[in-house]
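Below is one structure, written out as structure tokens, with a few remarks after it.
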Amino acid sequence: MISGLFIALGGFLGAICRYVLQRMINIAAFPAATLLINLTGAFLLGLLVGKGLEGRIYLVTGIGFLGAFTTFSTLNVDLLKLFRRKQYKSVLWYAGLTYFGGIGLGLLGLWAGNL
């Protein structure tokens, strides 16, 4: 029960941070905010794993905060919107940067966490 509360607290804070950043970085033509959020989250999650965080700290930060901060569903909605607007180059750039950049930054975070 207490674990769920820690996850919920982190999730609440992560969702608010994502909302604020998406409002601050509002570029209609390209979903820069979601890209920045997801890439940052990939790095931070790699960092947490690299540091070997466990227990309540990991529940709040890794599962709760970063789980709510990053957003796979918004990524896919953004991709569909770009596709419907026939912005095919943007679809490829956005998907490529998100997936390859996310893996790369996750690995970089993992490496940094092991220092």
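One distance of note links CG of Leu48 with OG1 of Thr61; it measures 4.5 Å at 0.5 Å rounding. Taking CG of Asp78 as the reference point, atom OG of Ser90 lies at 11.0 Å (rounded to 0.5 Å). With values rounded to the nearest 0.5 angstrom, Trp93 atom CH2 is found 12.0 Å from Thr98 atom OG1. For the atom pair Leu45 CG and Leu53 CG, the distance stands at 10.5 Å (nearest 0.5 Å).
By the side chain to side chain contact (heavy atoms under 4.5 Å, CB included) test, Leu36 is found to be paired with Ile25, Thr40, residues two or more places apart in sequence or in another chain being considered. In this structure, Arg56 has no side chain to side chain donor-acceptor pair (under 3.5 Å) partners at least two apart in sequence or on a different chain.
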Distance-only check: which donor-acceptor pairs under 3.5 Å involve side-chain atoms of residues 99-115, not counting sequence neighbours?
unit_1: Asn114; atom_1: ND2; unit_2: Leu110; atom_2: O; d: 3.0

Pair up each side-chain donor or acceptor in residues 2-22 with any protein partner under 3.5 Å, not counting sequence neighbours, and list the distances.
unit_1: Arg18; atom_1: NE; unit_2: Ala68; atom_2: O; d: 2.9
unit_1: Arg18; atom_1: NE; unit_2: Phe69; atom_2: O; d: 3.2
unit_1: Arg18; atom_1: NH2; unit_2: Ala68; atom_2: O; d: 3.0
unit_1: Tyr19; atom_1: OH; unit_2: Arg23; atom_2: NE; d: 3.2
unit_1: Tyr19; atom_1: OH; unit_2: Arg23; atom_2: NH2; d: 3.4
unit_1: Gln22; atom_1: NE2; unit_2: Thr34; atom_2: OG1; d: 3.1

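Judged as a ring-ring contact (aromatic ring centres under 6.0 Å, His included), the pairs with a partner in residues 28-55 (not counting sequence neighbours) are, in order, Phe30-Tyr94. The side chain to side chain donor-acceptor pair (under 3.5 Å) pairs that include a residue from residues 7-16 number zero, where partners must be two or more places apart or lie in different chains.
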Report the C-alpha distance between Leu75 and Asn38 in whole Å, list the side-chain angles of each, state the deciding distance to 0.1 Å, and finish with yes or no for side-chain contact (heavy atoms from CB on, under 4.5 Å). CA-CA 9 Å; Leu75 160 70; Asn38 286 338; 4.1 Å; yes
Intermediate values then yes/no, side-chain contact (heavy atoms from CB on, under 4.5 Å), Ile63 and Tyr58: CA-CA 7 Å; Ile63 296 173; Tyr58 185 76; 3.7 Å; yes
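Between Leu82 and Pro31, the shortest heavy-atom distance links the atoms CD1-CD, 4.0 Å.
Phe72 and Ile37 fall within a single hydrophobic cluster, where Ile, Leu, Val, Met, Phe, Trp and Tyr are joined by side-chain heavy atoms under 4.5 Å apart, directly or via other members.
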